[in-house]
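Order of appearance sets the numbers: ligands from 1, and atoms from 1 within every ligand. Position 1 is the first residue of the sequence; numbering continues from there.
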Amino acid sequence: MKDVVIIGAGPVGLFSALLLARCGLSVDVHERWPSFYPLPRACGVDHEIIRQFQGAGLMDELAPLLDPVIGPDKTYEFLDADLETILRIDWNRPGASGWAQVNQFYQPDFELLLRRRLEAMPGVTLHHGQELVSIDQHDHHVDLGFVETGNAGVRTAAQARYVIGADGARSTVRDLLGIRPIDLGFAYDWLVVDVVPHQERVWKPYVIQHCDPARPTTLVGSGPGRRRWEFMRLPGEAIEQLNTTQTAWDLLARWNLTPDNATLERHAVYTFRGSWADQWRSGRVLLAGDAAHLMPPFLGQGLCAGMRDAMALGWRLGAVLNGVAADSLLDSYGPERREHVVEIIRQAVDMGRLICMLDPAEVAERNRRMKAAMADPALALKPPPEPRLGYAGLYRITDTHAGTLSVQGRVRHNGNEGLFDDVAGTGWQLLVRGPWVPGAVSRSIIARIGAVVAQFGPHGDTVDTDDIYDAWFDRLGADAVLVRPDFYIFGTSPLGDVDALVHAAATMLALTIEAPLQDQATW
Ligand SMILES: Cc1cc2nc3c(=O)[nH]c(=O)nc-3n(C[C@H](O)[C@H](O)[C@H](O)COP(=O)(O)OP(=O)(O)OC[C@H]3O[C@@H](n4cnc5c(N)ncnc54)[C@H](O)[C@@H]3O)c2cc1C
């Protein structure tokens, strides 16, 4: 029996497998496609996700494949039909996680990298050409049934202690569990065209939403040397008529792209939707990625949300299956992730409603409103929400800063200089400003959860070389921050209460204690 079986070898399934294998678990991934079939859909991920990739040891190979969107020229702008700016989004800057706020890339390159890493790891097996058809849950395991893709007569079976359904928008896992998607009723078809221009060109603005009711269009980078165009299907236009190479070239001509100066790699029509599953856990089966949530791509957050799911599940399943925490730890996964992603889905849909607008009177009013908002920042469209975990999450609920994302800067730690995670380590992180001597119970808990402890200040082992952390402690009004393995803050405290903070984490984790801890009275 495997520790975890993952259904779906898309980016979320593959990244989940990598995280779980790094926890020492045995993982099988079952994929319906008979061979590797990556689709270039996502073309950007944010700073938080790059920090996740850094923690998973991918950056040595991934960094050259990224186009970090930094610099005054790399703006994201909404333009009206006459190419006049009606909204400028502030994203071309460094993000809080130590990486650019937005990083463009080519999804198939990333998936190939993940596959190569997984193939080299003990404990992980990828099974291709196997379509999940049944799930049978028991007290201590799950039985899964598969048919060979295209040959329903050939059946195979698998057993796992836990299952992750990362099987995409039309999730079989979700259907078999009888979980309902909640849909916001937003549905627009878009032709997505991937292009490699033959010569480097300066794209200004760097990313464009051309809000032209004659043909709403998105222009975006998709990794070094590549560009992506997305064209909305107009009312009365047949998908078959839109989804042709000739139509793609006809639409690209408006942007001075022709077969003489560019290669058209691929075109496909997608329906952009906003929906989420009303439940993310059923017994030993958990949903992740597009199986759990869908959003239009205008904020570039769909895959980011899936990667957050993988992280949130990775450390939880690692702790439960390695005997550190009880199974109840998995209960907080769905509630905290769902609330977080629903806020982003709603924003992406609101943005989509602005972009997909066709009625001339509504478009004129939108343009007027957005131009006014550009002059008066108080009227401006809200930027995407800073990630914050949902209410019923695993963090200290009474702490205003708990459930928000932590920061990463450069430090000198025990003589090594670099980004914090590279030199201090990942997993649970306890950052303390000032002298703190842990009590015996705290020491036991820290050892049990494998937390990294970094002490800033004159007598500490960590120097804040970029002046990031001191300002952060000040902003939080705290001298200690306990950060979860997915980089969200569990809680903060003054120097005198660090032990209580650590003890609170042990309680919420339902930590399984092998030997009685010393000094229980201080809990
Ligand atoms: C045009 C477009 C642009 C986008 N741009 C961005 C962006 O810039 N940034 C961003 O963050 N996100 C973006 N997204 C969203 C992002 O691409 C998706 O959220 C992400 O790819 C979903 O990954 P996944 O692994 O959850 O699902 P998928 O990639 O869909 O993988 C699911 C896998 O499960 C397999 N499967 C399905 N059913 C079964 C079964 N019964 N048995 C076995 N296997 C099964 C499928 O074959 C598939 O391989 C974009 C999406 C689109 C369409």
A side-chain contact here means heavy atoms from C-beta on lying under 4.5 Å apart; do Val220 and Arg227 qualify?
no

Tyr270, any N or O under 3.5 Å of ligand 1 N or O
no

Which heavy atom of the protein is the closest neighbour of atom 39 (C) of ligand 1, given with residue, atom name and distance?
Asp167 CB, 3.9 Å

Using the ring of each side chain (for Trp, its six-membered ring), is His138 parallel, tilted or perpendicular to His141, with breaks at 30° and 60°?
parallel

Give a yes or no on whether a salt bridge exists between Arg215 and Glu237, defined as a side-chain N under 4.0 angstrom from a carboxylate O.
yes

Nitrogen or oxygen of Cys43 less than 3.5 angstrom from that of ligand 1
yes

Residue, atom and distance of the protein heavy atom nearest atom 10 (C) of ligand 1 read Leu303 N, 3.2 Å

Does an N or O from Val12, backbone or side chain, lie closer than 3.5 Å to an N or O of ligand 1?
yes

Are any of the N or O atoms of Glu31 closer than 3.5 Å to those of ligand 1?
yes

Against ligand 1, does Gln130 come closer than 4.0 Å with any heavy atom?
yes

Ala9 N/O under 3.5 Å from ligand 1 N/O
no

Applying ring-ring contact (aromatic ring centres under 6.0 Å, His included), can you list everything that pairs with Tyr188, at least two apart in sequence or on another chain?
Phe186

Does Arg308 come within less than 4.0 Å of Glu336, counting only side-chain N to carboxylate O?
no

Do ligand 1 and Ala288 have nitrogen or oxygen atoms that lie under 3.5 Å from each other?
no

Can you tell me which residue and heavy atom of the protein come closest to atom 44 (N) of ligand 1, and the distance to 0.1 Å?
Arg32 N, 3.1 Å

Atom 26 (O) of ligand 1: closest protein heavy atom, distance to 0.1 Å, is Asp290 N, 2.9 Å

Charged N to carboxylate O under 4.0 angstrom, Arg116 versus Glu61?
yes

With rounding to the nearest 0.5 Å, note down the distance linking CD1 in Ile208 to OG1 in Thr217.
10.0 Å

Polar-atom distance check: Gly300 versus ligand 1, any N or O pair below 3.5 Å?
yes

Using the six-membered ring wherever Trp is involved, compare the ring planes of Phe272 and Trp190 and label them parallel, tilted or perpendicular (cut-offs 30° and 60°).
parallel

Can we say Arg284 and Asp139 salt-bridge, meaning some charged N sits less than 4.0 Å from an Asp/Glu carboxylate O?
no

Is Val192 close to ligand 1, meaning an N/O of one under 3.5 Å from an N/O of the other?
no

Residue set satisfying salt bridge (Lys or Arg N to Asp or Glu O under 4.0 Å) with Arg337, at least two apart, ordered chain then number -> Asp309

Please determine if Arg41 has a nitrogen or oxygen closer than 3.5 Å to a nitrogen or oxygen of ligand 1.
yes

Please confirm whether Gly289 comes within less than 3.5 Å of ligand 1 when only nitrogen or oxygen atoms on both sides are compared.
no

